[in-house]
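Scroll down for the structure; my scribbles are underneath it.
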Number of protein chains: 2
Amino acid sequence: MTAKTTVPRSTTAQQPPAPGKATINDIARLAGVSKKTVSRVINDSPLVKPDTRAKVHALMREYGYAPDPQARGLAFRKSFLVGLVFDNPTAQYIVNMQYGVLDALRDTGYELVVHPCDSKREGYIDGIRRFVLQQKLHGVILIPRVSEDQALAEALREIDCRYVRIASVPFDEAGRMLVTQDRIAGAEAADYLESLGHRRIGLITGPKRYRSSIERGGGFLDALAKRGVQVPPENVYEGGYTFESGVAGAEQLLSRPDRPTAIFACNDEMAAGVYKAAQRMGISIPVELSVVGYDDSPLASQLWPAMTTVRLPVRDVGRQAASLLLAQDASQVAVMASVTPHLVARDSCLPPQAG
Amino acid sequence: MTAKTTVPRSTTAQQPPAPGKATINDIARLAGVSKKTVSRVINDSPLVKPDTRAKVHALMREYGYAPDPQARGLAFRKSFLVGLVFDNPTAQYIVNMQYGVLDALRDTGYELVVHPCDSKREGYIDGIRRFVLQQKLHGVILIPRVSEDQALAEALREIDCRYVRIASVPFDEAGRMLVTQDRIAGAEAADYLESLGHRRIGLITGPKRYRSSIERGGGFLDALAKRGVQVPPENVYEGGYTFESGVAGAEQLLSRPDRPTAIFACNDEMAAGVYKAAQRMGISIPVELSVVGYDDSPLASQLWPAMTTVRLPVRDVGRQAASLLLAQDASQVAVMASVTPHLVARDSCLPPQAG
DNA sequence: CTGAAAGCGCTTACAG
DNA sequence: CTGAAAGCGCTTACAG
């Protein structure tokens with residue numbers, strides 16, 4: 001028996017809704033229209049008289065009303081969640097991608113759900129399918145390497161799930177693809193080293209099963225060939241995109257009598273391995289050896305000398321991918337979206353020493 | 001007029017539900033029980049006869065039924081989403097944390113929604129409040145530095161939002177806190193360097209507004225003092241947790257005539273800066289200078305020589321934080337959960353040179 | 001341009 | 001231990 005007055009749960013004398021707690025019914029009642037009309041305003045239907053729309057909008061703002069995504073989702077039979085599916089890229093890549101996607105999702109009512117997976121595991125596609133189906137995802141964004149898996153894309157199409165694939169080759173139709181021009185970037189690295197005067201050049205690629213590796217390395221070799229520089233097979237080492245494989249590759253390339261005066265590693269981790277091997281062998285970077293990496297990871301600028309590398313604006317990529325995904329209902333995209341990475345010249349390259 | 005037969009939408013002759021498309025009604029009908037009973041099975045109510053439960057479970061498995069989180073959420077007035085709120089830690093930290101949280105969420109029906117924010121921006125708490133309220137989040141996990149903000153925690157309590165704070169000091173009650181013992185780890189670094197024989201020791205801290213910085217640096221200095229080693233103020237440099245501030249700090253510490261024989265930097269980025277400064281100044285690590293970092297970032301093992309650093313098992317932390325969050329309804333946690341980081345000795349420390 | 005009815009797939013509150 | 005009714009906050013399908 002306290003003095004506290006309790007408000008009856010269901011009263012017909014309508015109270016103003018608590019801030020952030022208003023429902024479509026509150027707004028409808030306050031506006032003197034049906035909830036269907038409010039629904040029309042929410043969904044930007046043209047079938048609303050401007051006056052009515054304005055009044056409803058004002059009320060929505062006043063009460064801080066935002067439609068409940070769960071209720072909306074239930075009625076729409078889809079959620080307002082976008083999934084980010086990735087296998088195992090670098091932390092920096094994942095995080096930048098997330099920031100970019102969130103940039104595009106901000107104030108759209110969509111949220112980002114993260115879903116790492118292991119594409120080497122049997123049945124990983126089933127896991128993704130369950131995730132999509134159960135959460136009734138609006139769509140998913142696929143990052144390399146899962147983006148390169150045609151079976152996964154097919155499975156998603158089968159269950160009618162929107163998706164955008166980020167990959168270095170147009171594996172899919174426009175509107176569902178965001179191409180990163182790794183081949184062009186590889187060529188840029190080649191042009192840079194050749195124009196510095198390097199002729200004996202080494203290449204440390206990633207694993208062949210990564211399309212990015214093929215594009216980066218292939219673009220590099222092709223561009224060199226175009227400039228008349230041949231890279232003999234013994235100057236090409238297939239690494240595993242890991243630091244250790246970079247060390248191993250560099251040790252092999254640099255222990256040959258006619259050792260290269262420049263090395264292009266297809267990611268920064270391996271390039272860092274080149275640094276380590278060079279230091280161990282007493283080979284000075286950049287005087288005796290030029291090094292170019294790929295990714296512009298934080299590492300690149302924190303090594304000494306700061307590393308020349310290739311930068312993909314990952315956050316932009318994420319932003320564009322999310323925009324593509326949200327636009328899929330509205331428009332039939334005709335042109336293939338693409339982003340080209342560029343060389344960031346720092347201190348790890350110099351013309352080769354005379355002699 | 002094609003030959004294609006269309007199935008009437010609402011037929012009374014019930015069809016078996018498509019895989020992954022069954023609803024509670026399908027399961028109820030097939031089991032010959034009410035949907036309320038199926039609901040009880042879903043929610044592990046004890047008020048179900050074992051036989052009934054078994055039959056329902058069998059059917060759920062057979063049809064790959066999983067309750068719709070949106071419908072459940074709408075009825076429960078809360079979603080099955082957990083938010084991860086962070087300001088600006090390193091990419092590796094964020095990603096490991098996400099992996100850990102997802103480990104704990106796997107097969108629970110909960111999903112992870114990421115929410116970066118800028119704690120320096122006016123009204124950032126409002127943004128988080130809106131996020132929580134609109135998505136009706138099950139709860140949020142707060143990472144340093146947002147986890148250190150009492151106003152944010154208060155705002156969350158006000159709107160009745162579950163949360164777990166990860167921080168280096170018990171800012172909150174048990175069950176809502178996961179303490180990382182940065183102070184103890186700082187002491188471990190001190191003990192290690194002192195036991196190697198170092199007496200002139202430098203310290204590069206993070207910004208004072210980070211509690212982690214205070215704990216790491218404070219723990220380090222206290223432990224040294226306990227062993228009789230005083231660190232004069234001119235051997236302490238306040239950095240900004242950035243590479244550049246590490247370079248600047250090391251340049252200052254190392255240009256003094258009685259320069260330190262060892263430096264502890266409160267994160268790896270700054271420690272990498274120490275490497276760079278040392279190389280520039282021609283001071284050899286570890287022979288002339290020992291370096292200890294903090295974080296065990298990928299960088300640490302990819303520098304040369306490989307860096308001795310302090311490792312917090314971030315993935316475990318994420319896992320534990322998520323478990324705490326999910327357990328908040330069930331149990332009143334009595335003991336404060338905590339995790340202690342440990343020193344990872346590599347190649348960047350040696351006893352000081354004679355003389 | 002607007003609205004009343006039914007429904008999305010679950011749960012709560014109540015009754016038995 | 002089980003179920004029929006009403007409701008969560010939205011939308012679709014239909015009618016006007």
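In what follows, chains carry the letters A, B, and so on, assigned in the order in which the sequence lines appear, proteins first and then strands, with residues in each chain numbered from 1.
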SB check Asp26(A) Lys21(A) (cutoff 4.0 Å)
no

Using a strict 4.0 Å threshold on nitrogen-to-oxygen distance, state whether Arg106(A) and Asp103(A) make a salt bridge.
yes

Look at all strands and tell whether Pro69(B) reaches a base, only sugar-phosphate, or nothing, counting heavy atoms closer than 4.0 Å.
nothing

Check the orientation of Tyr110(B) and Phe80(B). Use parallel for under 30°, tilted for 30 to 60°, and perpendicular for over 60°.
tilted

Flag the pair Glu111(B) / Leu105(B) as yes when at least one side-chain heavy-atom distance between them is below 4.5 Å, and no otherwise.
no

What does the B/S/- profile of nucleotides 8-16 of chain C look like, 5' to 3', with a 4.0 Å heavy-atom cutoff to protein?
BBBBB----

Any strand is fair game: report the nucleotide pairing with dA15(D) by Watson-Crick or G-U wobble, both distances under 3.5 Å, or none.
dT2(C)

Does the Ser79(A) side chain pair with the main chain of Gly73(A), one donor and one acceptor, at a distance under 3.5 Å?
no

So, is Thr52(A) close to the dC1(C) phosphate, meaning a side-chain N or O under 4.0 Å from OP1 or OP2?
no

Got a salt bridge between Asp87(B) and Lys120(B), using NZ or NE/NH1/NH2 to carboxylate O under 4.0 Å?
no

If you compare every side-chain N and O of Thr37(A) against the phosphate oxygens of dG3(C) (OP1, OP2), does one of them come in below 4.0 Å?
yes

